[in-house]
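Atoms within a ligand are numbered from 1 in the order they appear, just like the ligands themselves. Because only heavy atoms are used, hydrogens play no part in the values below, and waters and symmetry mates are left out as well, while side chains stay in.
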Amino acid sequence: ARKCILSGLWKNELGSNMTISAVNTDGGFTGLYHTAVTATDKHIRVSPLKGSQKPTNQRKQLTFGFTVSWTFSNSMTVFVGQCFMDDKGKETLKTMWLLREEVSSPGDDWKATRVGTNIFTRIK
Ligand SMILES: O=C(CCCC[C@@H]1SC[C@@H]2NC(=O)N[C@@H]21)NCCc1cc([N+](=O)[O-])ccc1O
């Protein structure tokens, strides 16, 4: 494919994997996220994701964003990124994320958000 396509199965350098469903005409998509890591001692479970991308007819290397609402912890992560394709047609999703945990009081708000990067590649 000469254009990045988000739908399919992806993994990142932490060992997490995600499945993105078909992208609809307005760029919306849903999927499932299975994180390999967690900051809680909770048992990790698959969590839903919802996102949107710029329609591919405009961009080859499209930008996107998605939200994962964790089913096992009162926290939420948003990912934003871009799909890059090398000259062999290999796609890479370079992303940054914000992880917001639920804290018990506004006084703890300062420590409630973590930030990081993740790189995703396709799982054949
Ligand atoms: O762990 C999670 C959900 C999974 C996040 C996985 C991240 S998303 C970015 C990165 N990429 C990826 O694949 N996986 C990781 N929430 C913990 C928040 C939390 C922390 C504490 N605490 O630290 O005390 C207490 C209560 C809490 O709810």
Side-chain angles (χ1 to χ4, degrees):
R2 292 314 306 150
K3 286 182 181 172
C4 279
I5 299 176
L6 282 187
S7 43
L9 200 48
W10 301 88
K11 69 174 183 312
N12 69 20
E13 73 282 10
L14 295 171
S16 303
N17 51 60
M18 72 176 168
T19 308
I20 294 182
S21 65
V23 179
N24 62 36
T25 45
D26 70 356
F29 57 84
T30 57
L32 294 171
Y33 200 100
H34 191 276
T35 180
V37 296
T38 175
T40 65
D41 51 7
K42 303 267 180 60
H43 182 72
I44 293 171
R45 288 203 302 271
V46 173
S47 303
L49 70 87
K50 289 181 186 170
S52 58
Q53 67 166 63
K54 290 295 170 197
T56 36
N57 52 9
Q58 287 160 5
R59 306 295 312 148
K60 189 172 80 112
Q61 302 194 126
L62 56 91
T63 55
F64 59 89
F66 62 90
T67 302
V68 185
S69 176
W70 304 105
T71 49
F72 58 91
S73 140
N74 291 334
S75 60
M76 188 81 73
T77 299
V78 291
F79 288 82
V80 285
Q82 183 169 354
C83 181
F84 291 103
M85 184 175 285
D86 68 16
D87 50 12
K88 294 185 184 61
K90 183 174 179 300
E91 297 146 307
T92 300
L93 306 181
K94 288 181 75 67
T95 71
M96 288 194 74
W97 51 261
L98 295 171
L99 163 58
R100 171 72 199 206
E101 76 175 77
E102 180 191 66
V103 292
S104 46
S105 76
D108 288 340
D109 182 65
W110 65 274
K111 63 176 179 176
T113 308
R114 297 173 172 84
V115 63
T117 61
N118 274 148
I119 296 178
F120 293 84
T121 51
R122 265 194 201 280
I123 302 173
K124 277 299 157 216

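- Of all the atoms in ligand 1, the ones that sit under 4.0 Å from a non-hydrogen atom of L14 are 10 (C), 11 (N), 12 (C), 13 (O), 14 (N).
- Between T117 and T95 the shortest side-chain heavy-atom distance does not fall below 4.5 Å.
- Checked against a 3.5 angstrom limit, the closest N/O atoms of L99 and ligand 1 fall outside it.
- Contact annotation for E13 and ligand 1: no heavy atom of the residue comes within less than 4.0 Å of the ligand.
- Ligand 1 places these atoms under 4.0 Å from at least one heavy atom of T40: 17 (C), 19 (C), 20 (C), 25 (C), 26 (C), 27 (C), 28 (O).
- Distances between N or O atoms of W70 and those of ligand 1 include no value under 3.5 Å.
- Ligand 1 has no nitrogen or oxygen under 3.5 angstrom from a nitrogen or oxygen of W97.
- Those atoms of ligand 1 that come under 4.0 Å of a heavy atom in N118, given as number and element, are 10 (C), 11 (N), 12 (C), 13 (O).
- Using a 4.0 Å cut-off between a side-chain N of Lys or Arg and a carboxylate O of Asp or Glu, E101 and K111 do not qualify as a salt bridge.
- Of the possible donor and acceptor atoms, none in the side chain of S69 sits under 3.5 Å from a partner among the backbone N and O of M76.
- Inclusion of Y33 in the set of residues having an N or O under 3.5 Å from an N or O of ligand 1 is warranted.
- Within the 4.5 Å cutoff, the side chain of D86 has no heavy atoms near those of the E91 side chain.
- The main-chain N or O of R45 is found under 3.5 Å from a side-chain atom of S47 such that the two form a donor-acceptor pair.
- Between F66 and V78 the shortest side-chain heavy-atom distance does not fall below 4.5 Å.
- No side-chain heavy atom of W10 sits under 4.5 Å from any side-chain heavy atom of I123.
- Residue T38 approaches ligand 1 through these ligand atoms, each under 4.0 Å from one of its heavy atoms: 1 (O), 2 (C).
- If you look at T77 next to ligand 1, the close heavy atoms, those under 4.0 Å, all belong to the side chain.
- The shortest N/O to N/O separation between E102 and ligand 1 does not fall below 3.5 Å.
- Heavy atoms of N12 found under 4.0 angstrom from ligand 1 belong exclusively to the side chain.
- Counting heavy atoms closer than 4.0 Å to ligand 1, residue A39 contributes atoms from both its backbone and its side chain.
- Contact analysis leaves K42 out of contact with ligand 1, as no non-hydrogen atom separation drops below 4.0 angstrom.
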